[in-house]
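These notes are about the structure you will find just below.
Order of listing sets the numbers, starting from 1, for every ligand and every atom in it. Worth saying up front: this structure is predicted, and the values here are computed from it rather than measured.
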Amino acid sequence: MPTEIDLAAATARLAGVARQTPVLRSRLLDETLGAEIHLKAEHLQHTGAFKFRGAFNAIAALDSDIRARGIVTYSSGNHAQAVARAAQIFRVPATVVMPNDAPSSKRQATESYGATIVTYDRFRERREDIAESILSEQHFTLIPPFDHPDVIAGQSTCARELFETSGPLDQLIVSVGGGGLISGSALAAHEVNPRCRIVGVEPESGNDVQLSLQQGRIVEIDVPDTIADGQQTTSPGKHTFAVMQQHVDEIVTVTDDQILDGVDYLFRFQKQVAEPSGACALAAILANKINVAGSRVGVIISGGNISPERFFELMEPRWKK
Ligand SMILES: *Cc1c(COP(=O)(O)O)cnc(C)c1O
């Protein structure tokens with residue numbers, strides 16, 4: 001588990017590197033919910049999601065000679081872009097292993113940060129095997145998307161900034177995939193505010209963390225069918241599970257339709273573009289899945305990477321109604 005020293009080191013490494021993203025307030029939202037809502041706008045972070053924090057911190061923590069050999073990762077989403085950008089800042093090579101049918105927008109974004117893309121056939125090859133051969137032949141270091149103490153420590157800086165701006169909070173609501181963001185958030189929150197309730201939000205079809213915490217063991221599910229592509233994980237990690245067991249009070253779930261209510265709300269009333277996973281935490285409050293009345297609540301908008309075409313495709317059926 002990351003220690004207070006690891007969290008402090010991450011805060012120091014990211015100072016002046018990560019964007020200090022704004023905390024948005026809304027009179028309408030507060031009145032509607034009878035609560036004080038503080039939205040941490042992490043979709044405005046470098047590369048469009050909080051993942052930059054964890055990736056940069058984990059790469060910065062490596063010995064410089066190890067780092068110089070290169071970095072590899074096998075996520076195709078926001079973590080890939082974050083690793084590519086962080087490696088670019090350190091001027092070290094990065095390789096991202098991606099399925100050959102990954103959306104071209106994701107490929108292009110990752111390539112724009114100078115990473116090398118190695119593709120594989122999802123139906124015939126295993127990404128772990130490809131990554132493994134890169135690791136052993138080229139001596140690259142693997143930076144995983146969530147299950148790593150330095151990744152978790154990097155993610156903690158987001159909630160730390162939120163608390164610095166908002167002051168004490170009664171509850172913190174965080175979208176959950178493999179649990180890196182909520183683990184870091186909970187550790188940072190409980191350092192300053194041990195009684196803050198930490199609530200995670202998963203898509204209904206992807207409730208691997210909810211099941212794992214209920215059963216007290218890591219539960220593995222099939223790849224979830226959800227529009228929230230930042231949360232399509234099949235199980236929490238060893239590190240994140242240990243932190244969540246100790247620090248997370250509750251996991252609630254939302255349907256894809258409720259997630260789209262969140263995306264729609266942010267666009268309509270806050271003039272913010274969030275991707276489905278980015279709006280997941282707010283969606284849980286709007287759908288009354290969490291009792292927030294009378295409390296001071298922090299909500300992390302975790303990412304905003306969505307193409308105009310995809311945004312339109314998801315929203316048009318609702319706008320037509
Ligand atoms: C990765 C991601 C998540 C989930 O984060 P974990 O650390 O895997 O729990 C949520 N939202 C967005 C936008 C993401 O990219």
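In Glu275, the part holding a heavy atom less than 4.0 Å from any atom of ligand 1 is the side chain. Only the side chain of Lys51 comes within contact range of ligand 1, with a heavy atom under 4.0 Å; no backbone atom does.
Here Leu172 is tied into one hydrophobic group with Val23, Phe50, Leu162, Phe163, Leu169, Val174, Val176, Leu181, Ile182, Val192, Ile198, Val209, Leu213, Ile218, Phe241, Met244, Val248, Ile251, Ile300, each link being a pair of ILVMFWY side chains closer than 4.5 Å.
Protein heavy atom at the shortest distance from atom 5 (O) of ligand 1 is Phe50 CZ, 3.4 Å. Ranking protein heavy atoms by distance to atom 12 (C) of ligand 1, first place goes to Ser302 OG, 3.4 Å.
Interface atoms of ligand 1 facing Gly178, defined by a heavy-atom separation under 4.0 Å, are 6 (P), 8 (O), 9 (O). Against a heavy-atom cut-off of under 4.0 Å, Ser175 is close to the following atoms of ligand 1: 10 (C), 11 (N). Counting the atoms of ligand 1 from 1 in the order shown, those under 4.0 Å from a heavy atom of Gly180 are 6 (P), 7 (O), 9 (O). Near Gly230, meaning under 4.0 Å from one of its heavy atoms, ligand 1 places the atoms 1 (C), 2 (C), 3 (C), 4 (C). In the vicinity of Val176, heavy-atom distances shorter than 4.0 Å reach the ligand 1 atoms 9 (O). Numbered from 1 in the order shown, with element, the atoms of ligand 1 that lie under 4.0 Å from a heavy atom of Asn78 read 13 (C), 14 (C), 15 (O).
Of the candidates Thr116, Val96, Ile117, Ile117 is the only one forming a side-chain contact (heavy atoms from CB on, under 4.5 Å) with Glu111.
Checked by distance only, ligand 1 and Leu181 come closer than 3.5 Å through their nitrogen or oxygen atoms. By the 3.5 Å distance cut-off applied to N or O atoms, Ala49 is not counted among the residues near ligand 1. Every N/O-N/O distance between Gly303 and ligand 1 stays at or above 3.5 Å.
Aromatic ring orientation, Trp319 versus Phe311: tilted (interplanar angle from 30° to 60°).
Of the inter-residue distances, the one linking Ile37 atom CD1 with Arg296 atom CZ reads 10.5 Å to the nearest 0.5 angstrom.
No side-chain donor-acceptor contact under 3.5 Å links Lys40 to the backbone of Ala159.
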Walk me through whether Gln258 and Glu204 qualify under side chain to side chain contact (heavy atoms under 4.5 Å, CB included). CA-CA 10 Å; Gln258 289 167 337; Glu204 204 170 73; 5.5 Å; no
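Glu42 and Thr21 share a side-chain donor-acceptor pair at under 3.5 Å. Looking at Ser235 and Asp208, their side chains never bring a donor and an acceptor atom within 3.5 Å of each other. Under the 3.5 Å distance criterion, with hydrogens and angles disregarded, a donor-acceptor pair is assigned to the side chains of Thr157 and Arg53.
Heavy atoms of Ile182 stay at 4.0 angstrom or farther from ligand 1.
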